[in-house]
**Q** 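This is the structure I want to talk about, given as structure tokens.
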Protein chains: 2
Amino acid sequence: MTKNERKPGRMSEQRQQRIRLEISREAARLFWEQGVAATTGEQIAAAVGLSVRTLWRYFRNKESCVEPVLAQDGDEFVALLRRWPRDVSLEDHLMEWAINRTKDPDQQSFDQAVIKMTVLAEKEPDLRTVWLMTNDRIERALVEIFADRLRRSPDDIEVRLHAAAATAVVRVISEDISAALMAGADPTSLGNTLGQMARAVHTATGGAVGDPVDP
Amino acid sequence: MTKNERKPGRMSEQRQQRIRLEISREAARLFWEQGVAATTGEQIAAAVGLSVRTLWRYFRNKESCVEPVLAQDGDEFVALLRRWPRDVSLEDHLMEWAINRTKDPDQQSFDQAVIKMTVLAEKEPDLRTVWLMTNDRIERALVEIFADRLRRSPDDIEVRLHAAAATAVVRVISEDISAALMAGADPTSLGNTLGQMARAVHTATGGAVGDPVDP
DNA sequence: GCGCTAAATGACACTAGGTGACAAGAGGTT
DNA sequence: AACCTCTTGTCACCTAGTGTCATTTAGCGC
């Protein structure tokens with residue numbers, strides 16, 4: 001029985017992730033309040049209560065400190081697509097998201113940070129690179145997911161084109177929604193965002209992705 | 001007559017661009033030979049024969065030194081689309097590119113650098129961010145071009161979705177072609193790359209972009 | 001609870017990326 | 001020629017980020 005994989009002294013994955021998330025929130029707050037350039041690593045470290053050296057062990061550089069925040073929605077989206085049943089349409093499946101989203105205040109304040117960073121990423125070049133890299137990772141995940149669903153190779157150029165186009169339209173819609181919310185739009189007045197995404201993906205993939213497929 | 005716009009002492013735009021290009025070539029060479037991380041700003045400056053301080057006046061940071069090389073094909077592509085006549089299909093118009101491309105050896109060696117950096121950008125994260133930012137600029141340009149062609153507003157979400165999807169598929173095809181050429185593929189054996197791009201754009205935009213439109 | 005061990009952290013020194021300020025040099029104008 | 005203005009180099013300086021090693025801490029067996 002190789003039951004116990006944890007080595008002595010090793011922190012739990014959860015604890016590590018919680019620290020990363022904590023850093024990310026503080027970094028996002030500081031970036032929002034005073035801009036990226038004006039925020040130093042020292043400030044971020046101090047805000048979380050870590051030494052600067054330790055900060056750089058959690059993140060390779062200043063900008064990527066907000067990566068967990070920026071990647072939040074994208075990672076959820078990918079996870080959602082991973083459990084997309086073959087006999088269900090994309091639009092129907094995406095509704096799961098809306099239902100599953102918890103409404104606790106901590107989650108909501110985090111969502112606020114996600115929106116702020118998404119908006120900030122439109123103007124701050126240093127954050128834009130992080131945002132684009134995040135979407136690049138999503139694209140690579142979609143290649144696998146689409147290849148699986150279409151029963152084609154992940155190397156198939158068509159599959160990669162579909163993944164790239166789908167990721168691109170989802171990103172643009174995310175940016176659009178974030179900007180609208182940031183401008184004070186009522187979340188309920190936004191209409192069926194997920195439906196819009198599903199239709200955009202269907203269109204951008206030339207109809208190849210979105211409909212139910214043979215089991 | 002405000003004939004003379006040149007101020008005393010000011011360098012010509014062309015000269016500035018030539019220097020940027022020269023830096024870019026050397027940076028690309030060094031990045032290729034020894035990797036991005038192992039290449040210092042000092043080395044790049046020395047290779048071009050500039051002081052380090054001057055190098056940082058031409059480029060904000062090390063990675064963006066290769067931006068002119070990485071942006072080369074994209075900028076040409078955008079320029080090509082800007083003069084796309086309304087009554088011509090995309091596929092037909094793109095043929096102009098193949099015809100116009102000069103075959104002089106200097107251009108060819110530069111093309112080699114473009115291919116190398118495109119391939120390198122797939123693995124080197126620092127270069128990937130530059131590559132993605134380059135494509136982001138292309139996307140913004142396509143928004144304007146598509147808006148103009150479709151007689152819609154650049155703020156129109158549909159227009160932006162089309163631009164994003166189109167840029168994404170063009171990027172993926174570029175990456176694919178570069179990898180193939182780098183692997184030693186015969187350029188003539190690649191088939192109709194431009195035709196492939198035109199069809200991919202047509203598909204990714206749901207047929208909205210690619211056909212001739214009303215004048 | 002008590003140790004044990006390996007990982008996590010902090011402190012310090014150090015390199016590299018980059019900027020501000022100012023003086024020297026180069027280009028064009030008269 | 002003198003003159004003006006932009007460009008370049010030099011130097012001082014700051015921040016981002018790494019290597020190293022001593023110290024602390026988290027989890028495990030008891």
Side-chain angles (χ1 to χ4, degrees), chain A residues 1-24 26-28 30-31 34-67 124-127 129-130 133, chain B residues 1-24 26-28 30-31 34-67 124-127 129-130 133:
Chain A
M1 271 247 261
T2 71
K3 185 70 171 300
N4 196 345
E5 292 298 336
R6 263 224 291 281
K7 301 270 177 57
R10 156 151 270 131
M11 297 200 309
S12 70
E13 283 297 321
Q14 294 165 11
R15 188 159 149 66
Q16 294 232 34
Q17 289 309 313
R18 274 192 37 241
I19 295 174
R20 281 178 64 87
L21 228 45
E22 173 75 9
I23 295 172
S24 202
E26 291 300 326
L30 289 165
F31 286 172
Q34 48 184 30
V36 179
T39 303
T40 72
E42 209 169 354
Q43 287 178 314
I44 300 173
V48 189
L50 291 175
S51 78
V52 190
R53 187 62 185 88
T54 303
L55 174 64
W56 299 136
R57 273 196 265 258
Y58 277 96
F59 293 97
R60 321 169 212 347
N61 55 51
K62 197 170 65 168
E63 295 75 37
S64 61
C65 287
V66 288
E67 206 236 73
E124 287 259 15
D126 291 338
L127 288 192
T129 60
V130 180
M133 282 293 271
Chain B
M1 274 247 260
T2 72
K3 186 67 170 301
N4 197 346
E5 292 300 335
R6 263 223 294 280
K7 301 272 177 55
R10 158 153 265 127
M11 292 201 312
S12 70
E13 283 298 321
Q14 294 164 9
R15 186 161 151 69
Q16 294 233 34
Q17 290 309 315
R18 274 193 38 242
I19 294 175
R20 281 179 62 87
L21 228 46
E22 173 75 9
I23 295 172
S24 201
E26 291 300 325
L30 289 166
F31 286 171
Q34 48 186 29
V36 179
T39 302
T40 71
E42 209 169 355
Q43 286 177 314
I44 301 173
V48 189
L50 291 176
S51 78
V52 188
R53 185 64 186 87
T54 303
L55 174 64
W56 299 136
R57 273 196 266 257
Y58 277 96
F59 293 97
R60 321 169 190 63
N61 54 52
K62 198 170 65 169
E63 294 76 37
S64 61
C65 287
V66 287
E67 206 235 73
E124 287 260 17
D126 291 340
L127 287 192
T129 60
V130 180
M133 282 293 272

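Every value quoted in this text rests on a predicted model; they were computed, and no experiment measured them. Letters A, B, ... mirror the listed sequences (proteins, then strands); counts begin at 1.
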**Q** If we only count heavy atoms from C-beta on, is the A:E63 to A:F31 side-chain gap below 4.5 Å?
**A**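 Side-chain contact under 4.5 Å: no.
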**Q** Would you mind reading off the bend of the helix from C:dG1-D:dC30 to C:dT30-D:dA1 from its two end axes, five pairs each, to 10 degrees?
**A**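 Result, rounded to 10 degrees: 30°.
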**Q** Whole angstrom is fine here: how far is it from CD in A:E13 over to C1' in C:dA7?
**A**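 For the pair A:E13 CD and C:dA7 C1', the rounded distance is 13 Å.
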**Q** Please work out if A:F59 contacts a base, only the sugar-phosphate, or nothing of the nucleic acid, heavy-atom cut-off 4.0 Å.
**A**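 A:F59: no heavy atom of the nucleic acid under 4.0 Å.
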**Q** Could you pull out all residues at least two apart from A:Q34 that satisfy side-chain hydrogen bond (donor to acceptor under 3.5 Å, both in side chains)?
**A**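 side-chain hydrogen bond (donor to acceptor under 3.5 Å, both in side chains) list for A:Q34, sorted by chain: A:T39, A:Q43.
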**Q** Under 4.0 Å between a side-chain N/O of B:S51 and OP1 or OP2 of D:dG9, yes or no?
**A**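 Indeed, a polar side-chain atom of B:S51 lies that close.
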**Q** Run the salt bridge (Lys or Arg N to Asp or Glu O under 4.0 Å) test against A:E67 and tell me which residues pass, sequence neighbours left out.
**A**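 A:E67 satisfies salt bridge (Lys or Arg N to Asp or Glu O under 4.0 Å) with A:R137 only.
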**Q** Write down the distance between CZ (A:R20) and C1' (C:dA8), rounded to a whole number of angstrom.
**A**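 Atom CZ in A:R20 sits about 15 Å away from atom C1' in C:dA8.
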**Q** Please work out which residues in residues 36-45 of chain B have a non-hydrogen atom less than 4.0 Å from an atom of DNA chain C and list them by number.
**A**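 Only B:T39, B:T40, B:G41 qualify.
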**Q** Nearest-Å distance, CD1 (A:I19) to C1' (C:dG10)?
**A**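 A:I19 atom CD1 is separated from C:dG10 atom C1' by 14 Å.
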**Q** Can any side-chain N or O of A:K62 pair as donor or acceptor with the backbone N or O of A:I44 at less than 3.5 Å?
**A**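 Checked: no pair found.
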**Q** May I have the list of side-chain donor-acceptor pairs in residues 49-58 of chain A shorter than 3.5 Å, sequence neighbours left out?
**A**
unit_1 : atom_1 : unit_2 : atom_2 : d
A:S51  : OG     : A:T54  : N      : 3.2
A:S51  : OG     : A:T54  : OG1    : 3.0

**Q** Distance check, rounded to the nearest 0.5 Å: A:Q14 atom CD versus A:Q17 atom CD?
**A**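 Separation between the atoms: 9.5 Å.
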**Q** How many whole angstroms separate atom CZ of B:F31 from atom C1' of C:dG17?
**A**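 Going from CZ in B:F31 over to C1' in C:dG17 covers 12 Å.
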**Q** Just to verify, what does A:S64 make a side-chain hydrogen bond (donor to acceptor under 3.5 Å, both in side chains) with, not counting sequence neighbours?
**A**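 A:S64 satisfies side-chain hydrogen bond (donor to acceptor under 3.5 Å, both in side chains) with A:N61 only.
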**Q** Can you measure from CZ (B:R15) to CD1 (B:I19) and round to the nearest 0.5 angstrom?
**A**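 Answer rounded to 0.5 Å: 4.5 Å.
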**Q** Calculate the interatomic distance between A:E63 atom CD and D:dA16 atom C1'; express it in whole Å.
**A**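 Checked: the CD to C1' distance equals 9 Å.
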**Q** Restricting to side-chain hydrogen bond (donor to acceptor under 3.5 Å, both in side chains), what partner residues turn up for B:E26, sequence neighbours left out?
**A**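 Here the qualifying residues are B:R29.
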**Q** Quick one: is B:Q16 getting a side-chain N or O under 4.0 Å of the D:dC6 phosphate, OP1 or OP2?
**A**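 So the side chain of B:Q16 is outside the cut-off, no N or O lying under 4.0 Å from OP1 or OP2 of D:dC6.
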**Q** Tell me: CZ of B:R60 to P of C:dG20, nearest whole Å?
**A**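 Result: 14 Å.
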**Q** It should be established whether B:Y58 places a side-chain nitrogen or oxygen under 4.0 Å from OP1 or OP2 of nucleotide D:dT7.
**A**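 For D:dT7, neither OP1 nor OP2 has a side-chain N or O of B:Y58 closer than 4.0 Å.
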**Q** Expressed as a whole number of angstroms, how long is the span from B:W56:CH2 to D:dG9:C1'?
**A**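 That distance rounds to 16 Å.
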**Q** Please list each protein N or O that sits under 3.5 Å from an N or O in nucleotides 19-23 of chain D, with the distance.
**A**
unit_1 : atom_1 : unit_2 : atom_2 : d
D:dG19 : N7     : A:R53  : NH2    : 3.1
D:dG19 : O6     : A:R53  : NE     : 2.7

**Q** I need the CG-P distance between A:L50 and C:dA11, as an integer number of Å.
**A**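 So the CG-P distance, A:L50 to C:dA11, works out to 11 Å.
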